Amino acid sequence: MKQKFDVTGMTCSACSAHVEKAVSKVEGVRAVTVNLLSNNMAVEYDEAAVDAPQIIHAVEDAGYGASVHSAQPVRQAQKPVDHVQEEISNMKFRLVVSFLFMIPLMYVSMGHMAGLPLPHWLHGNANAVSFAFTQFLLALPILYVNRKYYKVGFKTLFKGSPNMDSLIAIGSTAAMVYGIIAIYMIGYGLGHGDSEMVSRYSMDLYFESAAMILALITLGKYLETRSKGKTSEAITKLMDLAPKTALVERGGTEIEIPVEEVAVGDMVIVKPGQSIPVDGEIAEGSSAVDESALTGESIPVEKHPGDRVIAATINKSGWFKFQATKVGGDTTLAQIIALVEDAANSKAPIAKLADKVSGIFVPVVIGIAVLAAVAWLVAGYSVEFALSTGIAVLVISCPCALGLATPVAIMVGTGKGAENGILIKSAEALETAHTINTVVLDKTGTITEGKPRVTDLVTAPGVEEDLLISAAASIEKPSEHPLAEAIVEEASARGLLLRGVTGFSAVAGQGIEARIDGKRFLAGNLKMMRENGVPTDGFEQKGETLSEQGKTPLYFAAEGRMLGLVAVADTVKPTSRAAIDAFKSMGIDVVMLTGDNRRTAEAIRRQLGIDRVVAEVLPQDKEREVSAIQQTGKKVAMVGDGINDAPALTRADVGIAIGAGTDVAIESADVVLMKSDLLDAVTAIELSRAVIRNIKQNLFWAFFYNTIGIPLAAGIFFPLFGLRLNPMFGAAAMSLSSVCVVSNALRLKLFQPRRKAVADTSAPIPATTPERVGETKSENKGENGMEKKMMIEGMSCGHCSARVEKALNALEGVSAKVDLEAKCAAISTQGKVSDEQLKAAVVDAGYEVVSLS
């Protein structure tokens with residue numbers, strides 16, 4: 001069983017290391033991971049050998065508090081954020097009180113050194129007790145409001161697991177105790193007329209050091225907590241999107257209920273501008289839904305009956321009713337939040353170094369502090385000098401920076417990934433991704449759309465392309481073949497009406513035969529045309545060329561005469577070429593695995609510049625191919641759709657499931673991409689590299705700080721250079737180091753993905769291209785031939801782009817190709833076609849022209 005616990009009292013990485021060590025010793029515990037940043041612990045244990053109360057008891061024995069973590073519903077997930085704000089408010093109060101009393105304390109203790117006036121009753125040896133006791137009274141409120149350091153610090157010290165608070169508590173207590181002793185020594189000196197003793201102890205009270213240490217560390221903690229609160233902003237934004245209520249239809253009546261009360265099967269109504277409360281399937285109505293918060297895709301997605309909708313996405317326009325299929329913790333939003341939180345709470349292998357060091361760091365520091373104090377006493381220096389040195393070592397050595405170096409960067413990185421529709425399941429996957437040097441890509445659904453579409457039209461002389469598509473779609477509509485579906489969709493996109501057919505029959509291994517208006521139509525391969533005596537002059541060569549490009553040519557004839565040829569293929573996604581080029585520029589080898597035939601695979605390999613392709617591979621053999629690459633010493637990332645690629649995703653060093661994660665994808669992959677965009681896989685690896693680079697910077701500066709700070713505080717440089725560290729400056733330096741580490745990690749929020757709309761001009765599958773057999777295309781544009789690029793707004797689906805393309809191509813002398821992803825049209829013109837005519841054609845089709853160049 002795996003269970004999460006909330007842990008209280010942890011303040012540094014030494015704390016988390018001690019808790020982890022204590023729980024791991026409990027019999028029956030298989031694995032334990034403690035997260036300092038979120039103050040929780042994930043424990044995997046055998047229920048037959050141990051239970052939750054025993055685990056909690058182990059944590060308490062180590063000097064900390066624990067309780068079973070209670071999962072909050074999504075709409076209540078704002079509570080942890082409120083808790084953070086409450087902690088910040090508490091620290092702010094402590095900070096205000098600390099500085100309110102510390103300022104007059106510093107004035108009294110050090111004002112005379114700067115020539116500032118003091119009240120007469122604090123002047124001279126005669127008033128030394130008043131001078132000392134005033135400082136003691138001013139320090140007391142500062143100690144009281146910051147008593148947490150003493151409660152936690154001494155408790156963990158006595159339990160044998162000292163932490164950062166122990167260092168602060170010991171250091172400040174030593175200063176206060178010395179100050180109290182000094183008051184007694186001043187009284188003794190006054191009573192025995194020893195003015196030298198009075199003068200000496202009046203100048204070495206250390207109350208201001210104790211107060212300043214507490215005040216500066218609280219300031220550092222306040223800034224640190226504020227910064228840490230920003231690390232989970234991405235999750236907070238997702239939580240805020242979830243609506244509080246839902247409008248459902250029950251018993252024929254519309255009622256508004258809390259979102260927690262929505263049940264599977266309920267009919268939920270969503271109006272324009274509202275957030276979708278749960279996952280479901282549209283039953284009635286249609287709309288455009290903004291899914292950018294979950295997928296990073298800025299363009300609203302058209303939704304119609306039968307389409308899936310996701311909780312926390314926004315209905316931009318239109319009214320629809322949908323049936324709830326997933327509610328509560330089962331919704332996609334809840335799963336995303338759980339995945340991101342789990343990743344942030346997990347430990348990267350690089351974090352183990354910091355944990356090992358932190359586990360022994362505090363006891364070693366206490367030993368160094370004691371040794372330094374004793375050494376200076378033995379060397380003949382004063383008690384004040386030795387005590388000051390010991391306190392300085394204690395307060396400068398807090399392992400906060402070391403403990404924060406990894407978890408803060410991991411949390412910001414996983415949050416940034418979620419913001420861009422990239423769900424990273426563990427810190428280990430995030431770290432491993434930066435070592436990837438080979439990426440294996442599935443073809444169907446990863447490089448290509450995974451759905452056939454019409455790519456080329458070749459018509460016979462005198463045959464219009466609309467006539468060819470209309471006839472082809474009418475014949476193919478009764479067929480259940482996927483290629484037939486592509487032709488029917490092309491006709492629908494062009495707004496063509498289909499005609500009724502009779503005498504429909506399928507000819508095995510050849511194609512389809514049917515009648516339209518009494519005329520005999522044939523649709524199939526070249527063999528069908530030959531066996532029926534249809535002349536195919538010119539079409540055979542064109543069909544062969546299309547086949548070499550990885551497309552499937554379909555021949556159509558009517559009454560023994562060729563109508564034309566329609567090529568269908570699984571089209572390459574617009575961003576695939578850019579993603580492959582990006583992988584190469586990062587020094588990553590690209591391999592394509594596909595069950596498709598070698599000719600198609602080779603065509604895509606040539607056109608996309610893929611390093612190597614393995615074709616005709618069965619799903620169960622993909623795992624073997626990934627393993628073979630790994631055996632050559634390569635670190636492999638497998639990118640697939642998460643269903644038939646599950647074994648390969650699991651085998652790879654990093655499995656990346658592309659597409660709005662199915663249950664199988666979430667189970668088998670290490671990284672889940674919410675969009676079917678290969679550039680997101682590039683972004684995932686880039687993000688991994690950025691996070692690991694940030695962690696290494698943090699660890700370097702944390703180690704460097706302690707390597708320089710501890711010897712300086714211990715007085716190593718004093719005999720040679722006269723350099724030693726005052727405890728107050730040590731406290732300031734310690735606080736600053738933690739703030740610097742957190743601030744450096746927050747720079748990851750500036751990370752920008754490479755993903756952008758890219759027109760894939762070199763893909764092997766161009767947009768639908770009309771052509772006539774017997775016509776010669778002129779490559780020379782002539783003196784009036786021009787190439788133009790038009791940016792268009794308003795297109796949201798394939799139907800839109802087809803309408804724009806048709807409107808432009810209807811102009812005489814115009815050949816246009818529209819790219820939906822890039823929102824642009826590449827236009828070639830022959831003759832006198834004005835910009836106004838081009839713009840008017842698009843506007844008349846119902847879209848907006850942004851620019852034309």
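Only this structure's heavy atoms are used, side chains among them; waters, hydrogens and symmetry mates stay out. Please read all numbers here as calculations on a predicted model, not as lab measurements.
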Carboxylate-amine/guanidinium proximity below 4.0 Å for K622 and D442: yes
R494/D466 ion pair, N-O < 4.0 Å: yes
Stepwise side chain to side chain donor-acceptor pair (under 3.5 Å) test for D677 and T575: CA-CA 7 Å; D677 190 339; T575 57; 2.8 Å; yes
Pairwise side-chain contact, T552 with S547, heavy-atom cut-off 4.5 Å (strictly under): no
Beyond-backbone contact of V613 with V591, side-chain heavy atoms, under 4.5 angstrom: no
Atom of A637, atom of I656 and distance for their closest heavy-atom approach: CB-CD1, 4.4 Å
Spacing of CG belonging to L563 relative to OH belonging to Y555, to within rounding of 0.5 Å: 14.0 Å
Minimum-distance pair of heavy atoms, taken over all atoms of V671 and A684: CG1-CB, 4.4 Å
Rounded distance (nearest 0.5 Å) linking atom NZ of K303 with atom CG of N315: 11.5 Å
Heavy atoms of other groups near Q541 CD, more than 12 under 6.0 Å: no
From CE (M638) to CD1 (I658), nearest 0.5 Å: 10.5 Å
Salt bridge present between K584 and D589 (N-O < 4.0 angstrom): no
Residues E513, R520: salt bridge by 4.0 Å N-O rule: yes
From CG (L496) to CD (E465), nearest 0.5 Å: 9.5 Å
Other residues, nucleotides, ligands: >12 heavy atoms within 6.0 Å of R561 CZ: no
Closest non-hydrogen atom pair, L546 against A567: CD1-CB, 3.7 Å
Side-chain ion pair, R530 and E540, N-O less than 4.0 Å: yes
A825 to L808 - nearest heavy-atom pair and separation: CB-CD1, 4.0 Å
Closest heavy-atom pair and its distance - T594, A601: CG2-CB, 3.7 Å
Residue pair V849 / M790, side-chain heavy-atom distance below 4.5 Å: yes
R599 bridged to E602 by N-O distance under 4.0 Å: no
Pairing of R651 and E623 as salt bridge, 4.0 angstrom limit: yes
Atom pair CZ (F322) and CG (D307), whose distance is rounded to the nearest 0.5 Å: 13.0 Å
Heavy-atom closest pair, residues M791 and C824: SD-CB, 3.4 Å
Separation between OG1 of T448 and CZ of R453, rounded to the nearest 0.5 Å: 12.5 Å
D670 side chain to G655 backbone, donor-acceptor under 3.5 Å: yes
Carboxylate-amine/guanidinium contact D835 K839, below 4.0 Å: no
